[in-house]
Number of protein chains: 2
Amino acid sequence: MQARDIAIQVPTVRLTDSIAHAIQVMALGRLPGLIVIDAEQRPRLVLPGTQVLRLAVPAAYQDDPALTRAVDEAHADVFWHELRDRTVGDCLGTHTPRPVVAKETATLLELATLMARQRSPLVAVVDGAGLLAGAITLDRMWSALALTRPDD
Amino acid sequence: MQARDIAIQVPTVRLTDSIAHAIQVMALGRLPGLIVIDAEQRPRLVLPGTQVLRLAVPAAYQDDPALTRAVDEAHADVFWHELRDRTVGDCLGTHTPRPVVAKETATLLELATLMARQRSPLVAVVDGAGLLAGAITLDRMWSALALTRPDD
């Protein structure tokens with residue numbers, strides 16, 4: 001099996017989309033992460049779901065988790081409203097890792113090793129020109145691995 | 001909202017369970033990770049899904065991803081059979097991080113900060129005695145955050 005055999009189509013976002021939109025796309029699609037593409041459909045970033053969540057947590061709390069315990073429950077419910085209208089690009093900061101990307105010919109072993117090493121439950125699959133051709137989720141990997149199970 | 005308001009019950013595994021069983025529990029439950037408990041129902045580990053996948057990838061490939069490209073497709077399909085009968089405990093190695101755990105009274109902000117920092121789409125919720133009381137998945141967090149959305 002190759003990446004092209006198990007890739008699926010997933011909704012994507014752009015750097016100019018709002019955090020609120022990005023969260024909505026993830027939640028509605030029950031996606032384990034988000035692919036951020038540029039205007040040419042090239043993957044710019046592959047964000048695991050936890051890192052999409054990170055975009056919504058104001059930086060002060062990320063730097064000092066003890067602060068979070070000082071916030072009362074009513075305010076702790078609405079922390080993310082502070083950032084919801086900001087864009088994905090605004091919240092990323094200067095350090096953006098290389099996107100988690102595989103070729104259409106990547107094998108299950110290559111995909112599994114990539115997901116495990118990059119701690120990313122989502123991989124963007126690109127064609128020969130580097131354009132987004134599909135995505136592989138961790139759920140999709142489990143299904144593919146189950147199909148390779150020998151009769152026992 | 002507190003952790004106890006949004007926690008759900010999820011299937012758990014033990015260190016003595018096989019890798020094949022752990023993968024099956026994740027895949028069937030469509031879980032984003034696994035909670036490994038001890039005999040007293042204390043969370044010993046909270047493994048993100050990508051790290052459950054890592055258990056199934058032989059160490060040689062993890063250490064040298066270039067090796068994965070040298071494996072032909074037929075063998076790359078069945079890489080995980082080599083380890084499937086080994087136990088979760090066997091494959092963990094000596095370094096096991098502290099489990100990603102929250103109290104039942106943790107707020108949404110505390111939970112979000114914890115998930116983002118630990119890069120864990122799953123949090124084990126424990127009672128006063130440290131025993132597993134439930135779990136919070138990233139999907140569950142999105143739902144909780146959506147409920148706190150102001151009318152706009």
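Numbers restart at 1 for each chain; the letters A, B, ... are given by sequence-line order, proteins then strands.
- Residues B:Leu138 and A:Met26 share a closest heavy-atom pair of CD2-CE, 4.4 Å.
- Ranking B:Val71, B:Leu31, B:Asp139 against chain A, the residue ahead of the rest is B:Asp139, based on heavy-atom pairs under 4.5 Å.
- Heavy atoms closer than 4.5 Å to chain B are found in the side chain of A:Arg117, but not in its backbone.
- Linking Ile, Leu, Val, Met, Phe, Trp and Tyr whenever their side-chain heavy atoms come within less than 4.5 Å puts A:Leu47 and A:Ile37 in one cluster.
- Comparing A:Asp77, A:Asp72, A:Leu55, A:Thr105 by heavy-atom pairs within less than 4.5 Å of chain B, the highest count is held by A:Asp77.
- To the nearest 0.5 angstrom, B:Arg54 atom CZ is 15.5 Å from A:Met115 atom CE.
- By number of non-hydrogen pairs under 4.5 angstrom with chain A, the leading residue of B:Gly49, B:Ala112, B:Pro32, B:Ala27 is B:Ala112.
- Put simply, of B:Leu67, B:Val78, B:Ile23, the one with the most heavy-atom pairs under 4.5 Å next to chain A is B:Ile23.
- In this structure, B:Arg44 places its CZ atom where only 12 or fewer heavy-atom neighbours from other residues, nucleotides or ligands lie under 6.0 Å away.
- Note: A:Leu53 CG to B:Met141 CE = 5.0 Å, rounded to the nearest 0.5 Å.
- Tracing side-chain contacts under 4.5 Å through hydrophobic residues (I, L, V, M, F, W, Y), one never reaches B:Leu83 starting from A:Leu147; they form parts of separate clusters.
- With a 4.5 Å cut-off on non-hydrogen atoms, B:Gln62 touches chain A through its backbone but not through its side chain.
- Residues A:Ile8 and A:Val125 fall within the same hydrophobic cluster, defined by Ile, Leu, Val, Met, Phe, Trp and Tyr side chains chained together at heavy-atom separations under 4.5 Å.
- With respect to A:Phe79, the side-chain contact (heavy atoms from CB on, under 4.5 Å) criterion is satisfied by exactly one of B:Thr113, B:Thr107, B:Leu145: B:Leu145.
- Rounding to the nearest 0.5 Å gives a distance of 4.0 Å between CZ of B:Arg119 and CD of A:Gln51.
- Rounding to the nearest 0.5 Å gives a distance of 4.0 Å between CD of B:Glu73 and CD of A:Gln2.
- Inter-residue side-chain proximity for A:Trp80 and B:Leu109 is flagged as unmet; no heavy-atom pair is nearer than 4.5 Å.
- Only the backbone of B:Ser120 comes within less than 4.5 Å of a heavy atom of chain A; no side-chain atom from C-beta onward does.
- Under the 4.5 Å side-chain heavy-atom criterion for Ile, Leu, Val, Met, Phe, Trp and Tyr, B:Leu108 and B:Val101 are members of distinct hydrophobic clusters.
- The hydrophobic cluster containing A:Val126 does not contain A:Leu111, counting ILVMFWY residues as joined when their side-chain heavy atoms lie under 4.5 angstrom apart, directly or transitively.
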